[in-house]
Amino acid sequence: MQTIKLNNGIEMPILGYGVFQVSPEECERCVLEAISTGYRLIDTAQAYYNEEGVGNAVAKCGVPRNELFLTTKVWITNAGEEKAARSIDESLRKLRTDYIDLLLIHQPFSDYPGTWRAMEKTVKDGKVRAIGLSNFYPDRFVDMAEYAEIKPAVNQLKTNVFSQQWDAEAEMKSYGTHIMAWAPLAQGDPDLLTNPVLTTLAKKYSKTVQQVALRYLIQRNIIAIPKSTHIERMKQNQDVFDFTLTPEEMESIRPLDKPADFRWSHRDPELVKFLMNYDKQFNPDNKNKI
């Protein structure tokens, strides 16, 4: 597995397995299968309500903990220095580990400066190896990065062939911050499978369109965390290191970038309200709330 060096010197796998929308009941099996096929980076979050499934798989997989790279994220309702600190300890318990490799602020809302201070302390205390952000657009990213004592190692953004994040990448470069792509396969966008540029490249290299899309991100040094609940697709998503797109082919993919849909923008007040009330909609009994 190819790795990428973060701005604090830590090596992180460039390709991992994401468990967004993997049910708590399925999560343990899926993560065990992902690890068995060679994944070492596993990405979860407090708001996915499946950290325990990841922790159970880590405990059972037989792979030494120091060979795994675990990422989780602090949710909005746990924002602020004290609440974030408590929630991080709870994540450690659920993940059945003494340390988290990469910890992110999940959304740029509520008291995220307080959350960042708590995260910086966990690094100093040895509970976390690297810290970063998620869904921070360039303006909020720069505000946060300038404020931070420890500069963000990554910023996890919706990044794929249709959402290429060139502006974000440009702003993050001076801080040594890497893009970590969620939705690297465009969340099932049907255009992915029919786009003539991608299908032509897939045919040339005897690969799938999804493999070409992942290869494009990897060649840009973007960390990707595709999700699948099927072991054959997990294997397929890893099989992207035996071919290389030419500079001309990389450039041919760049025009596929689409304008962002404001309905799903973190600058859309309606989306902000939705996220701020996420727990009430998806976790009404507050079983996982800190």
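Everything quoted here is computed from the prediction, not taken from an experiment. Numbering starts at 1 and runs along the sequence shown.
No donor-acceptor pair under 3.5 Å is formed between the side chain of Asn50 and the backbone N or O of Gly53. Judged by distance alone, with hydrogens and angles left aside, the side-chain atoms of Asn8 form no donor-acceptor pair with the main-chain N or O of Ala153 at under 3.5 Å. Side chain of His178 to main chain of Asn7: no donor-acceptor pair is present (N/O by atom type, distance under 3.5 Å, no hydrogens or angles).
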What do the steps show when you test Arg40 against Met1 for side-chain contact (heavy atoms from CB on, under 4.5 Å), and what is the final call? CA-CA 8 Å; Arg40 293 297 179 262; Met1 175 61 67; 6.0 Å; no
Thr71/Met12 under side-chain contact (heavy atoms from CB on, under 4.5 Å): CA gap, chis, key distance, verdict: CA-CA 10 Å; Thr71 299; Met12 178 179 182; 4.3 Å; yes
Under the side-chain hydrogen bond (donor to acceptor under 3.5 Å, both in side chains) rule, what do Tyr216 and Arg254 come out as? Steps first, then yes or no, please. CA-CA 10 Å; Tyr216 175 73; Arg254 186 161 180 166; 6.0 Å; no
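Side-chain contact, Arg215 with Gln211: no donor N or O sits under 3.5 Å from an acceptor N or O. Using modelled atom types, one finds no donor on one side chain facing an acceptor on the other under 3.5 Å when comparing His106 with Gln46. There is a side-chain donor-acceptor pair under 3.5 Å between Glu51 and Thr72. Between the side chains of Gln156 and Asp43, at least one donor-acceptor pair of N or O atoms lies under 3.5 Å. At a cut-off of 3.5 Å, with distance as the only test, a side-chain donor of Glu146 or Tyr175 sits close to an acceptor on the other residue.
Comment: Glu169 does not engage Lys173 in a salt bridge, judged by the lack of any side-chain N to carboxylate O separation of less than 4.0 angstrom. Under the 4.0 Å criterion applied to side-chain N and carboxylate O atoms, Arg117 and Glu120 are not assigned as salt-bridge partners. A salt bridge links Asp125 to Lys121: one of the charged nitrogens lies within less than 4.0 Å of a carboxylate oxygen. Between Lys258 and Asp189 there is a salt bridge, with a side-chain nitrogen of the basic residue lying less than 4.0 Å from a carboxylate oxygen of the acidic one.
Between Tyr205 and Phe243, the two ring planes are tilted [angle within 30° to 60°]. Using the six-membered ring where Trp is involved, Tyr112 and Phe136 have ring planes that are perpendicular, over 60° apart on the 30 and 60° scheme. The aromatic rings of Phe20 and Tyr48 sit tilted, their planes meeting at an angle between 30° and 60°.
Counting heavy atoms of neighbouring residues, nucleotides and ligands inside a 6.0 Å radius, atom CD of Glu82 does not exceed 12 of them.
Val128 and Tyr99 fall into different hydrophobic clusters, where Ile, Leu, Val, Met, Phe, Trp and Tyr side chains are chained together by heavy-atom contacts under 4.5 Å. There is no path of hydrophobic side-chain contacts, each under 4.5 Å, that joins Trp182 to Phe162.
For Asp143, there are no salt bridge (charged side-chain N to carboxylate O under 4.0 Å, His left out) partners two or more places apart in sequence or in a different chain. With sequence neighbours excluded, the residues forming a side-chain contact (heavy atoms from CB on, under 4.5 Å) with Asp257 are Gln164, Trp166, listed by chain and number. Glu248 is linked by a salt bridge (charged side-chain N to carboxylate O under 4.0 Å, His left out) to nothing, counting only residues two or more places apart in sequence or in another chain.
Residues Asp191 and Leu256 fail the side-chain proximity criterion, which asks for heavy atoms closer than 4.5 Å.
Close placement of the Trp75 and Tyr278 rings is indicated, their centers lying within 6.0 Å of each other.
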